[in-house]
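Note that the numbering runs from 1 along the sequence shown for the chain.
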Amino acid sequence: PAEHLVPGSAMPVEITMLGPVAVHAPGVIEPERLAVATEMVVYLATHPGGVHPNVLGAAVWPRGVTREVRDAMLAHVRDWLGADDIGRPHLGTDASSRLRLGSQVRVDWQVFCALAGRAAQAALPGSGAGPSGSSGGRAEEAAALVQALSLVSGPFLDGTEPGRYAWLASDGLEHEVQARVADAAHRLWELLLADGDPHGAMDAARAGLRLAFGDELLWRDLLSAAHATGQEHLLRAVVGEVCARTPLDEVLPRMAPQTEALIDELLPSWRSSVA
């Protein structure tokens, strides 16, 4: 809904996934039920087409759950989320018995996708945002990307309890989120660097790295933007960050060849300074 995209607005129910996972709802739920209830709401938020209760139960309780326990928990969640301004529950059931979140429930990931789509529309040929387009079109694209990336505050679904969200392993959502956030950050970096704003381009790369910390392209974007500032101390600081994060990568605990080659080009003396 368009009202979900208004900066600074607030919906009755807010769900955040692009950083610490949280559900802000008008009702009250017992602390001991919060983790399970949050996972149920997040699963529904990531399946906007609706979910049958049996599917939801199998996702949240992969080792099995009785219908009575599942339905009791759903009742608690429904009370927690409350109702919209005309009395419809924010957690409803459609004609096919699928559970759905209502239109006054805002999900930061869905807002991000809508804003990224708005940016992509602005970049289409004839929109004024292409390579030969007007500055107004490019500004519209950049503004949408800035707003989208402002929603990103940390790793995807940060702070989840161990053993929960097992469904993510086969869902593919985590990879999609990281890829789309990285793409948005890289595109904003391109726009700002082309407009002569290397500091803004650095901020764009860092915004993507808040969630996609292991994305090598964004680290190279950050290096290039720091070099474009003409301030060697900034470039050296970023090189230090790259060297410090490399051992933390569980997949590739060494610097990517392209990243190493870029540093060699931008700061030839870096090896001696690191040593």
Under the 3.5 angstrom rule, does the side chain of [X] hit a backbone N or O of [Y] as a donor-acceptor pair?
{"X": "D221", "Y": "H186", "answer": "no"}
{"X": "R100", "Y": "T93", "answer": "no"}
{"X": "W219", "Y": "V238", "answer": "no"}
{"X": "Q110", "Y": "A45", "answer": "yes"}
{"X": "R210", "Y": "V152", "answer": "yes"}
{"X": "S224", "Y": "A228", "answer": "no"}
{"X": "D197", "Y": "L192", "answer": "no"}
{"X": "E39", "Y": "Y165", "answer": "yes"}
{"X": "H47", "Y": "G49", "answer": "no"}

Do you know the tightest heavy-atom contact between [X] and [Y]?
{"X": "G50", "Y": "R98", "value": "O-NH1, 3.1 Å"}
{"X": "G214", "Y": "R245", "value": "CA-NH2, 3.6 Å"}
{"X": "G82", "Y": "P26", "value": "CA-CG, 4.5 Å"}
{"X": "E14", "Y": "S9", "value": "OE2-O, 4.3 Å"}

Would you say [Y] ends up clustered with [X] if hydrophobic residues are merged whenever their side chains have heavy atoms under 4.5 Å apart, either directly or through other cluster members?
{"X": "V239", "Y": "L217", "result": "no"}
{"X": "I15", "Y": "V36", "result": "yes"}
{"X": "W189", "Y": "L234", "result": "no"}

task = Could you give me the CA-CA distance, side-chain angles and deciding distance for H4 and V107, then say whether side chain to side chain contact (heavy atoms under 4.5 Å, CB included) is met?
result = CA-CA 9 Å; H4 288 207; V107 183; over 6 Å; no

query = Just wondering, are more than 12 heavy atoms of other shown residues or ligands nearer than 6.0 Å to NE2 in H175?
reply =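 No - once you tally the heavy atoms of other residues, nucleotides and ligands closer than 6.0 Å, there are 12 at most.
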
Will you find, in the side chains of [X] and [Y], an N or O donor that is under 3.5 Å from an N or O acceptor?
{"X": "N54", "Y": "R70", "answer": "yes"}
{"X": "D84", "Y": "H90", "answer": "no"}
{"X": "D215", "Y": "Q178", "answer": "no"}
{"X": "T38", "Y": "R164", "answer": "no"}

query = What distance separates H227 NE2 from L222 CG, expressed to the nearest 0.5 Å?
reply =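 Separation between the atoms: 13.5 Å.
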
inquiry  = Set out, in order, the CA-CA distance, both residues' side-chain angles and the distance that settles side chain to side chain contact (heavy atoms under 4.5 Å, CB included) for C113 and R180, then state yes or no.
reply    = CA-CA 8 Å; C113 291; R180 296 193 67 172; 3.6 Å; yes

ask   = Is E190 salt-bridged to R187, cutoff N-O under 4.0 Å?
value =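 Salt bridge between E190 and R187, a charged N being under 4.0 Å from a carboxylate O: yes.
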
query = Taking NZ, NE, NH1 and NH2 as the nitrogens, is one of them in R236 or E241 under 4.0 Å from a carboxylate oxygen of the other?
reply =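 Judged by the 4.0 Å cut-off on N to carboxylate O distance, R236 and E241 do not form a salt bridge.
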
query = Hey, what's the ring geometry for F112 with W109, parallel, tilted or perpendicular (30° and 60° as the breaks)?
reply =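 Parallel: the ring planes of F112 and W109 meet at under 30°.
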
message = S96: which residues meet the side-chain hydrogen bond (donor to acceptor under 3.5 Å, both in side chains) condition with it, sequence neighbours left out?
response =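 Partners of S96 by the side-chain hydrogen bond (donor to acceptor under 3.5 Å, both in side chains) criterion, ordered by chain and then number, come out as D94.
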
ask   = Run the side chain to side chain contact (heavy atoms under 4.5 Å, CB included) check on W61 and M73 step by step: do they pass?
value = CA-CA 12 Å; W61 292 277; M73 196 64 210; 4.1 Å; yes

query = Where do L235 and L223 land on the side chain to side chain contact (heavy atoms under 4.5 Å, CB included) test, with the steps shown first?
reply = CA-CA 6 Å; L235 178 57; L223 286 163; 4.2 Å; yes

task = May I have all residue pairs that pass salt bridge (Lys or Arg N to Asp or Glu O under 4.0 Å) and include part of residues 143-155, sequence neighbours excluded?
result = none

